[in-house]
Structure formats: C-alpha cells, structure tokens
Amino acid sequence: GQSHQLVLQIEHTINGETIDLNGKRYQNAAGNQFSIDNLAYYISNIKLRNTRTGKFYLEPESYHLVRLSDTKTITKVDLRHVPPGTYNQIEFSIGIDNDKNTATDQVGDLDPANEMAWNWKTGYKFFSLTGHFYPDKGENKEGLVMHIGFNENYRTITFTLPKDGKPVLNLEDGATTEITILADLMKLFNSPNQVDISEQTTIMVGEIATEIADNYQQSVFTIQSIE
C-alpha cells in the first residue's frame, strides 16, 4: 500500500504559554531572569516499535533541524515512509550520532551552512539556545549562549504508548497522523537539574552542559496528543 505519513509537531512553551522571542523575560527556579532569541536543535534517529512484531522501524537518514527564530521557524518533522501498523514506542535523539558528528561534508539539515556545525573536529551543536541574562533583574543584560554538543551529550528520549490515556499510534494506509510534542523550555533550566546561569552564561562543555542535556532527555519533551 501507500507509505504512511507521520508528522511530529513540536510546540515550544514556557510556563504553559507559547514561547516569546521578543525580549520577554522569564525567571527560572534558580531565580535567574533570562530571555530567548533563538533556539535550534537536532532531532535524529527516529525509531518506532511495532506493537505486533516488536521490531523497530528506523527512519533512514534521520536528521531534522528544529528552529525557532525571528526569521525562520521549523517545528514540524515529516516522516513519509513509515509502514502502516500499530506502534507502542517512539524514540528519537537530540543531537548527531558519533558516525555523522565529525563528518561535516553533509547536505540538507546537516549542511554546515545552517550554522549548527563548529568544525569537522568538534562536530555539531546538538542544541543551541541564545538570548540574554539579566544579572540584577534590571536593565543590565549579558549574552546567554548554550551550545551543547559533543558525543557525551548525545541523548535519546523514549516515549512508551499508550500513556496517560493517550491513544496508541495506529498508522493506516494513505492517512496522515500527527503527534503533538510539547517542549517545555523552562524544564531545560529546572528539571531534574537546577541550572544557575549566573555561574556561567556561555555553556558549551563541562558539568552544566551535561546537566542541561540530562534535562532535555528527561523532562523537556512530552507527548501531548496523537491525532
């Protein structure tokens, strides 16, 4: 039959509201005031487990750049060739796997022109957030830069279905199914690790970067609905 189309639609929120990129200030659990200008990250290696066979469908060349900025927003991931069937698990990673990470002769979403590659030695930024930090909660501001990369910060997220009354993922021939995934960016700073950006406003490697990677693995993303 026809290939099925599955769409992942990601909604980025803070405190339950759509994220505001126009200088709106937010306050995290550590009491830091910050604003967000740009967000970009890779969703990669999407896998779906077939309920009946237990086998995984792995999307080929599975690298998708998600981006939120004033000029460009991409919050939709299209999977066009998933075989019809019922699936009880979806998995994806944030970042680029080891094999591809240090080869920057790539195309499409991996093209270095997307400004998500450092260089061939260092590899890709898996997760990039830029904005401002307001150290005294007044007019003073400093640049806030999170560029999380490196193989040790590659993280895989697994959703088991059905969960909390959400339906199983049932893909029928010729139909399109949409999974809405909520990305709560406050959890990037708060859960399970509390990040204090006053300690470090440029975060690339080291302990805080790893805590942020653990936060996006464990708490930022949840499945909102399947339709």
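Only this structure's heavy atoms are used, side chains among them; waters, hydrogens and symmetry mates stay out.
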Engineer: State whether E61 and K100 are salt-bridged, where the test is any N-O pair (Lys NZ or Arg NE/NH1/NH2 against Asp/Glu carboxylate O) under 4.0 Å.
Structural biologist: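 Salt bridge: yes.
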
Engineer: Per the salt bridge (charged side-chain N to carboxylate O under 4.0 Å, His left out) rule, what does the pair list look like for residues 14-32, sequence neighbours excluded?
Structural biologist: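 Passing the test, one end in residues 14-32: R25-E139.
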
Engineer: Please evaluate residues T222 and D184 with respect to the criterion side-chain contact (heavy atoms from CB on, under 4.5 Å), reporting the C-alpha separation (whole Å), side-chain torsions for both, the decisive distance (0.1 Å), and the verdict.
Structural biologist: CA-CA 8 Å; T222 52; D184 178 350; over 6 Å; no

Engineer: Would a 4.5 Å heavy-atom cut-off, applied to side chains only, mark I90 and L8 as touching?
Structural biologist: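 Yes - at least one pair of side-chain heavy atoms lies under 4.5 Å apart.
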
Engineer: Indicate yes or no: at least one non-hydrogen side-chain atom of Q89 is less than 4.5 angstrom from one of F159.
Structural biologist: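 With C-beta onward as the side chain, the pair stays apart.
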
Engineer: With rounding to the nearest 0.5 Å, note down the distance linking OG in S225 to CD in Q9.
Structural biologist: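 Output value for this atom pair is 10.0 Å.
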
Engineer: Do any side-chain atoms of residues 203-213 form donor-acceptor pairs under 3.5 angstrom with protein atoms, and if so which ones, sequence neighbours left out?
Structural biologist:
{"from": "T210", "atom 1": "OG1", "to": "N153", "atom 2": "OD1", "distance (Å)": "3.2"}
{"from": "T210", "atom 1": "OG1", "to": "G206", "atom 2": "O", "distance (Å)": "3.3"}

Engineer: Does the side chain of E11 come within less than 4.5 Å of T18's, by heavy atoms?
Structural biologist: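 Contact flag for T18/E11 side chains = no.
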
Engineer: Less than 4.5 Å apart, side chain to side chain, heavy atoms only: is that true for L144 and T202?
Structural biologist: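 No, too far: nothing below the 4.5 Å cut-off.
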
Engineer: Shared ILVMFWY cluster between L182 and L39, side chains joined below 4.5 angstrom?
Structural biologist: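 No, L182 and L39 fall in different hydrophobic clusters.
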
Engineer: Would you say Y63 and I96 make side-chain contact, with heavy atoms under 4.5 Å?
Structural biologist: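 SC-SC contact between Y63 and I96 confirmed.
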
Engineer: Assess, by modelled atom type and distance only, whether the side chains of D109 and N114 contain a donor and an acceptor separated by less than 3.5 Å.
Structural biologist: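 Side-chain D/A pair, D109 to N114: absent.
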
Engineer: Name each donor-acceptor pair under 3.5 Å that joins a side chain in residues 129-138 to protein atoms two or more places apart or in another chain, with its distance.
Structural biologist:
{"from": "H132", "atom 1": "ND1", "to": "D37", "atom 2": "OD2", "distance (Å)": "3.4"}
{"from": "Y134", "atom 1": "OH", "to": "S35", "atom 2": "OG", "distance (Å)": "3.1"}
{"from": "D136", "atom 1": "OD1", "to": "G138", "atom 2": "N", "distance (Å)": "3.1"}
{"from": "D136", "atom 1": "OD2", "to": "N140", "atom 2": "ND2", "distance (Å)": "2.8"}
{"from": "K137", "atom 1": "NZ", "to": "G31", "atom 2": "O", "distance (Å)": "3.2"}

Engineer: Going by distance alone, is a donor N or O of one side chain under 3.5 Å from an acceptor N or O of the other, for T156 and S93?
Structural biologist: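 T156 vs S93: donor-acceptor pair found between side chains.
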
Engineer: Step by step, work out the side-chain contact (heavy atoms from CB on, under 4.5 Å) result for I36 and L21.
Structural biologist: CA-CA 6 Å; I36 298 175; L21 300 175; 3.9 Å; yes

Engineer: Nearest 0.5 angstrom please: I74 CD1 to S69 OG, how far?
Structural biologist: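 Separation between the atoms: 8.5 Å.
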
Engineer: Can you get from I181 to V7 by hopping between Ile, Leu, Val, Met, Phe, Trp and Tyr side chains that sit under 4.5 Å apart?
Structural biologist: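 Different hydrophobic clusters.
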
Engineer: List in chain and number order the residues that pass side chain to side chain contact (heavy atoms under 4.5 Å, CB included) with T177, two or more places apart in sequence or in another chain; answer none if no residue qualifies.
Structural biologist: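 So T177 forms a side chain to side chain contact (heavy atoms under 4.5 Å, CB included) with H4, L6, L169, L171, I226.
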
Engineer: Report the C-alpha distance between I157 and F92 in whole Å, list the side-chain angles of each, state the deciding distance to 0.1 Å, and finish with yes or no for side-chain contact (heavy atoms from CB on, under 4.5 Å).
Structural biologist: CA-CA 6 Å; I157 301 167; F92 59 75; 3.9 Å; yes

Engineer: Considering only heavy atoms from C-beta outward, does the side chain of P192 approach that of Q218 to under 4.5 Å?
Structural biologist: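 In contact.
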
Engineer: Does F127 have any ring pair (Phe, Tyr, Trp, His ring centres under 6.0 Å) partners at least two apart in sequence or in another chain, and if so, which?
Structural biologist: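 Testing F127 for ring pair (Phe, Tyr, Trp, His ring centres under 6.0 Å), a comparison that skips the adjacent residues, returns Y41, Y216.
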
Engineer: With a 4.5 Å heavy-atom cut-off, do I46 and V77 have their side chains touching?
Structural biologist: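 The answer is yes, as the side chains (C-beta and beyond) meet within the 4.5 Å cut-off.
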
Engineer: Spell out, as yes or no, whether a donor-acceptor pair under 3.5 Å connects the side chain of S219 to the backbone of N215.
Structural biologist: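 Present.
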
Engineer: Taking atom types as modelled, find out whether S62 and N45 have a side-chain donor-acceptor pair closer than 3.5 angstrom.
Structural biologist: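 S62 vs N45: no donor-acceptor pair found between side chains.
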
Engineer: So, do T201 and V145 sit near enough that their side-chain heavy atoms are less than 4.5 Å apart?
Structural biologist: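 In short, these two side chains do not touch, never coming nearer than 4.5 Å.
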
Engineer: Taking only residues two or more places apart in sequence, or in another chain, which ones meet N28 in a side chain to side chain contact (heavy atoms under 4.5 Å, CB included)?
Structural biologist: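 For N28 the side chain to side chain contact (heavy atoms under 4.5 Å, CB included) partners, ignoring immediate neighbours, are A30, N32, F34, M186, F189, N190, I197.
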
Engineer: Suppose we call two aromatic rings close when their centres sit under 6.0 Å apart. Are F150 and F126 close by that rule?
Structural biologist: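 No; F126 has its ring centre 6.0 Å or more from that of F150.
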
Engineer: Among K47, R80, H81, H64, find the one that has a side-chain hydrogen bond (donor to acceptor under 3.5 Å, both in side chains) with E59.
Structural biologist: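 It is H64; the other options fail the test.
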
